[in-house]
Enquirer: 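Below is the structure I would like to discuss, written out as structure tokens.
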Amino acid sequence: MTDISRRVTLRAIAICSTAAAALLAGPSGAQDDKVTIGYAVARTGPNATGAGITTIPNYELWVKTVNEAGGLAMPDGSRKMIEVVEYDNRSSNEDLVRAIERLASQDEVDLILPPWGTGSNLAVAPLFARFGYPQLAVTAVTDKAPEFVKRWDRSFWLLGGGHDYAKGLVDVLAAARDAGTINDKIAAVSVADGFGIDLINGARPAFEEAGFELVYDESYPLGTSDFAAILSEAQASGADSFVAFSYPPGSFGMTKTAQSMGYNPKVFYISVGGAFPIYPGIADGKAEGVMAIGGVDADSLAVQDYFARHTEIVGNPPDSWASAITYASLQILEQAVARVGLDHEALAAEISTGSFDTVVGEVKLEDNQLRDLWWVGQWQGGSFRAINPADRAGASEPMIPKPDW
Amino acid sequence: MKLILPVLALALLAAAPFALSDYGLGLLIGAVTYTTLASSWALFSGHTGYISLATVAFYGTGAYTVAVLNEALPYPLVLLAAALVGATMALVVGLSTLRLAGVYFVIFTFGLAELVRQLITWYEVNVTGTLGRYIFLDVTARGIYWQMLALGAVTIGLTALIHRSRLGLALRVIGDDEVVAAHSGIPLARTKLVAFVLSATILTLAGAIASPRWVYVEPAIVFNPTVSFLTVIMALLGGANRLWGPALGAVPLFLAFEWLSVKLPDTYPIFLGFLFIGVVFALPDGVLAGIERLRQRREGAG
Amino acid sequence: MFRRQEKTLVTILILGLVLGGTYALLALGLTLQYGISRIMNLAYGELTLAAAFVLVALFRATGLSPIAAIVMIAPAGYVVGWFLYAVMMRPLVARSGAGGRLEVDSILATFGLLFLIQGVLLVAFGSNFTSISYLDRGVSVFGVPVALNRLIAFAICVTAGGALVVALARTRWGLTLRAVAQTPGSAPLVGIDVNRVARQGFALGTALAATGGATIAMYQTFSANDGVIFTMKALVIVIMGGVGNVAGALAAGFALGLVETFVATAIDPGLTLAATFAIFLAVLLWRPQGLFGRG
Amino acid sequence: MTLLSIDNVTKRFGGLTAVDAVSFDIAEGEIMGLLGPNGSGKTTLVNLVSGDLSADGGRITLAGTTLTGRRPDQIARVGVARTFQLVRILPSLTLTENVMVPAVFGAKSHWGAAAHEVAQAALEQVGLARRASSNAGELTYIDQKRLELARALAAEPKLLLLDEWLAGLNPTELGEGVALIRSLADSGITILMVEHIMEAVRALCPRVAVMNSGRLIADEATEVALTDPHVIAAYLGEGEDA
């Protein structure tokens with residue numbers, strides 16, 4: 001290296017380290033009259049869509065609601081206003097991990113809310129555990145929740161596992177088949193990522209056990225935008241039921257393609273996205289009878305009230321699967337804080353053992369998991385209603401066959 | 001004398017975690033990771049001018065190797081396996097592609113990253129039947145940092161050695177004119193291949209070292225094309241054909257990213273876009289060359 | 001697999017061609033930009049998306065028919081491309097000289113542009129999935145049901161692409177463009193203003209990107225994060241067709257549509273993208289000048 | 001003793017036969033001109049010798065070593081150096097580095113001080129030693145040509161291929177150039193030079209080979225060749241083809 005370039009290098013290093021020092025001196029710590037709550041969500045990148053529909057609006061809605069009521073109630077009856085520290089994780093786990101470290105060690109926030117997505121929640125779980133924060137993971141569908149609870153005892157998994165949803169769907173279809181409404185052939189497609197694979201792996205044995213024949217069973221890569229070929233194969237397969245373990249772009253694309261090619265299976269099931277408020281618009285107003293993952297008790301007053309407030313404050317209705325659970329998770333947190341305060345250990349213990357009154361009803365976690373969930377829902381009369389578990393209070397009757405598009 | 005400063009800096013950096021918060025450490029890990037990526041990228045591309053967008057193909061493969069093997073093998077062997085996988089992959093890719101030049105090479109490497117991702121996805125879905133994999137290793141953030149720091153130091157040291165070696169000269173000649181290089185007795189294919197494999201092995205190792213921080217790994221997470229783009233931008237920003245150029249591009253840019261995403265979470269891509277365009281226009285040969293030019297001009301005027 | 005062989009073959013052909021039409025249209029613009037203006041435009045997909053969003057916004061706000069909107073969006077794309085070239089690309093071209101410099105610079109600058117446009121789209125339209133319902137009903141083509149909006153998109157592609165091929169082959173203007181594309185160095189010797197032609201090429205490419213984006217908005221769901229997918233597909237096709245080769249891009253676009261449909265139908269939908277890239281890489285290695293290039 | 005032997009060499013581009021069954025030998029220490037109108041295949045033949053192109057038929061040997069089928073870098077290490085019709089320098093390297101390259105990667109594989117010495121000597125030979133540490137990109141055209149020659153010399157070649165190295169020089173420079181080449185020939189290097197400037201050919205080459213449309217039409221003493229009716233016809237015909 002020449003002499004000049006060495007001096008240049010040194011100076012540049014000096015400038016950089018000054019900049020780094022300035023950057024490290026972040027905002028000052030929490031004050032006593034406030035509760036700081038941090039989250040690192042995907043504002044940009046591939047996860048932004050999911051976070052923007054299910055996670056971020058609920059965080060904002062909840063903070064606004066709590067602050068309008070005078071703040072977060074404490075065990076002593078006082079109220080503290082919530083101050084939010086928010087970062088964009090750019091849909092990258094590396095950035096997400098750093099942001100959580102920042103929230104915990106730099107900003108020293110009182111509580112941290114989890115990010116959107118299974119992979120994201122797993123990536124931050126060790127950090128939540130290390131810093132001691134309770135993690136109320138909602139948007140993470142995983143069959144390994146019991147294992148994770150053992151590994152990270154302050155983690156809570158509120159959305160069930162792939163097998164649960166797959167079994168729920170098989171229940172619905174088996175009942176219809178037994179009633180003679182549909183034949184015993186099923187055409188299934190799944191998106192090739194952790195979620196789709198989990199669901200199809202859960203569904204295959206369940207279908208077989210219930211006496212169904214999977215006449216079409218293929219996976220497609222994330223990012224597929226053209227479904228004409230797949231649906232045309234499914235249509236030709238002779239199955240009465242079309243099942244897609246899919247993500248929003250795929251769920252929407254398949255709906256539109258099925259409509260335009262006049263593919264009218266008696267059961268049309270899609271996964272993530274089917275319960276989104278924009279779905280009826282995507283389906284050109286013909287969503288009636290479409291089944292999808294999740295669901296809400298549409299007749300419950302609490303749910304209706306939640307939908308109305310969400311619509312009023314966020315500007316659009318919530319999705320009918322994970323949104324209400326997300327909001328419920330925040331209510332769990334709120335009520336636990338009101339009972340035991342901000343001490344993380346006590347808080348985790350309370351969340352684990354207490355019972356809470358939320359928009360989805362009375363909630364009590366089993367083994368740190370929410371098991372009282374809706375597995376299958378269906379668009380009926382303009383709202384997305386839960387149809388399975390059929391024996392749970394609030395379940396609607398499935399409508400099979402689905403009316404033609 | 002020349003060695004004292006870098007060694008001192010390295011010692012200081014190695015001791016830094018004891019004085020820093022977890023977030024400070026996280027920042028250091030990010031900065032060191034990107035310094036390593038940009039430096040090892042520049043090891044091949046800096047002098048030859050072959051812009052490779054396959055960074056994430058190797059980086060992700062490293063992470064995936066760890067995800068597959070972390071329960072089967074002891075950690076050092078996992079790293080070794082990752083290095084071997086990376087080197088083998090680079091050898092195969094290099095043998096078949098290094099005769100492509102210019103934009104064809106750029107696009108090929110871009111496509112390669114996608115192909116690797118699709119093939120791994122397909123394999124996992126159809127053969128193993130699981131897609132997401134877990135990395136439960138007892139590696140702390142500090143452990144990751146020290147490993148990455150060591151890898152970064154090795155990369156820069158190796159680059160310094162190469163700059164002074166026949167290989168370095170050969171790479172520079174290839175970057176200027178391959179025809180002249182060949183007619184001067186430089187075996188083009190072998191030279192490029194050696195540098196490419198070296199660079200790719202380091203990239204793969206970097207991915208392997210970084211992966212325990214993610215815990216959960218799936219192709220969509222580890223083969224994120226942004227990593228490839230960022231690496232290129234950082235190396236070029238600092239000056240890809242200089243020893244400290246990639247580091248000097250990676251550190252400020254990484255911090256700028258972090259700062260922007262904190263201060264302007266909604267609009268930061270817009271500012272970032274302006275930043276890139278600004279860099280291309282204002283510092284065409286990288287920061288180091290830009291500062292030198294400025295200095296020369298001032299000395300010329302004074 | 002072979003019990004419905006004949007029907008399957010027809011299905012693959014029809015669906016593949018319709019899909020390929022969109023691909024071809026997208027690739028045309030990129031091949032013009034790279035072939036004539038020497039700009040490797042990584043922000044191409046974002047420009048495409050911007051047009052798609054504009055179409056949706058127009059459709060929702062005013063109920064304007066998408067076909068009428070395309071007639072407005074295409075020239076708007078031309079103007080945007082013209083300015084982009086004049087303001088951003090021209091200085092890079094001017095300082096690059098003959099070396100490989102411009103390739104690197106254009107990749108970097110358009111990468112910045114990618115972020116910029118994506119950021120603007122995110123701020124303006126959010127990150128939600130967007131789509132409109134327009135002529136969503138099916139039409140039977142040789143017994144294969146195809147969405148009407150896709151057929152229209154196909155028709156637009158064939159018309160725009162065909163007109164461009166004819167114009168390039170038959171007109172003086174086309175001859176000039178081709179001359180610059182093939183030998184940028186010697187074009188000035190025969191009195192061609194390379195800068196002007198390059199600007200036209202870039203603007204025309206942007207207009208095609210806009211048209212492509214607008215047609216995509218007619219039938220596909222998209223979000224502000226999808227740009228890179230479009231760029232990638234277009235790149236693959238451009239390379240397969242031979243850089244700067246308009247007819248090649250059209251042919252490769254259709255070929256890719258057919259291949260994807262064939263793999264998805266007859267082999268495994270999971271391998272569709274892998275097949276795309278494998279073919280693309282094979283073409284690069286075997287015939288870097290493109291399947292339809294000379295030499 | 002024969003150094004370079006070109007035996008029945010053929011190169012086709014698509015339907016065009018650029019070099020058509022050409023054969024001739026060059027003796028060690030000889031300086032030979034290669035003439036012919038534009039497009040007659042001279043540069044293609046040089047490219048075949050240096051390995052830039054591979055022959056479709058025939059055999060080229062250097063002192064008994066077969067060159068056909070080898071890569072340019074292998075041929076360079078056997079002892080063939082060349083200049084290019086359109087001058088090619090390494091613009092981002094210094095003059096010394098430019099010239100060092102073949103010394104380092106050529107037959108002798110010099111490194112360190114030895115490589116510097118060879119480079120310095122070559123630069124002195126062409127008169128560029130004063131500017132050894134400046135960047136090659138800053139040189140004027142004639143100096144670039146000098147640099148290219150110095151680079152070829154630093155390879156310490158057995159055979160030097162000059163492809164219109166004298167083209168584009170003014171009369172003074174041409175005189176210097178001719179003297180420079182003569183001094184090289186005197187030092188024992190065998191030279192094959194493609195050249196259009198007859199004055200230089202007359203001054204330097206006792207013997208020339210003449211090509212037209214890919215074929216060898218003459219291989220004889222320079223004075224004889226330049227009055228050969230075939231050769232004259234080939235050159236006159238050029239006006240119609242071009």
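On a predicted model such as this, the values are computed, not experimentally measured, just so you know. Proteins come first, then strands; the chains are lettered A, B, ... in the order of their sequence lines, and each starts at number 1.
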Enquirer: What is the distance from atom OG of B/S184 to atom CZ of D/R82, rounded to the nearest 0.5 Å?
Expert: 11.0 Å

Enquirer: Has B/R172 got a side-chain atom pairing as donor or acceptor with D/L93's backbone, closer than 3.5 angstrom?
Expert: no

Enquirer: Apply side-chain contact (heavy atoms from CB on, under 4.5 Å) to residues B/H183 and D/R88 and explain how you reach the verdict.
Expert: CA-CA 11 Å; B/H183 284 96; D/R88 299 186 97 125; over 6 Å; no

Enquirer: Counting distance only, does the side-chain N/O of D/R71 pair as donor-acceptor with the main-chain N or O of B/A182 below 3.5 Å?
Expert: no

Enquirer: Check the pair B/V180 / D/N98 against side-chain contact (heavy atoms from CB on, under 4.5 Å), numbers first and verdict last.
Expert: CA-CA 10 Å; B/V180 171; D/N98 256 276; over 6 Å; no

Enquirer: Identify the two heavy atoms, one from B/P187 and one from D/R77, that lie closest to each other, and give their separation to 0.1 Å.
Expert: CD-NH1, 3.8 Å

Enquirer: What residue, out of B/L169, B/L188, B/N241, has the most heavy-atom pairs lying under 4.5 Å from chain D?
Expert: B/L169

Enquirer: Only pairs of heavy atoms separated by less than 4.5 Å count here; which of D/A115, D/P91, D/G112 has the most with chain B?
Expert: D/P91

Enquirer: Who among D/S92, D/G51, D/A154 has the most heavy-atom pairs with chain B under 4.5 Å?
Expert: D/S92

Enquirer: With only heavy atoms counted, which part of B/A189 is less than 4.5 Å from chain D, the side chain, the backbone, both or neither?
Expert: neither

Enquirer: What's the verdict on side-chain contact (heavy atoms from CB on, under 4.5 Å) for B/R190 and D/D73, showing C-alpha distance, side-chain angles and the deciding distance?
Expert: CA-CA 11 Å; B/R190 204 176 64 206; D/D73 57 296; over 6 Å; no

Enquirer: Examine whether an atom of D/I75 lies under 4.5 Å from a heavy atom of chain B, and if so say whether it belongs to the side chain, the backbone or both; otherwise answer neither.
Expert: neither

Enquirer: Work out which heavy atom in B/R164 is nearest to a heavy atom in D/W111; give both atom names and the distance.
Expert: O-CZ2, 3.0 Å

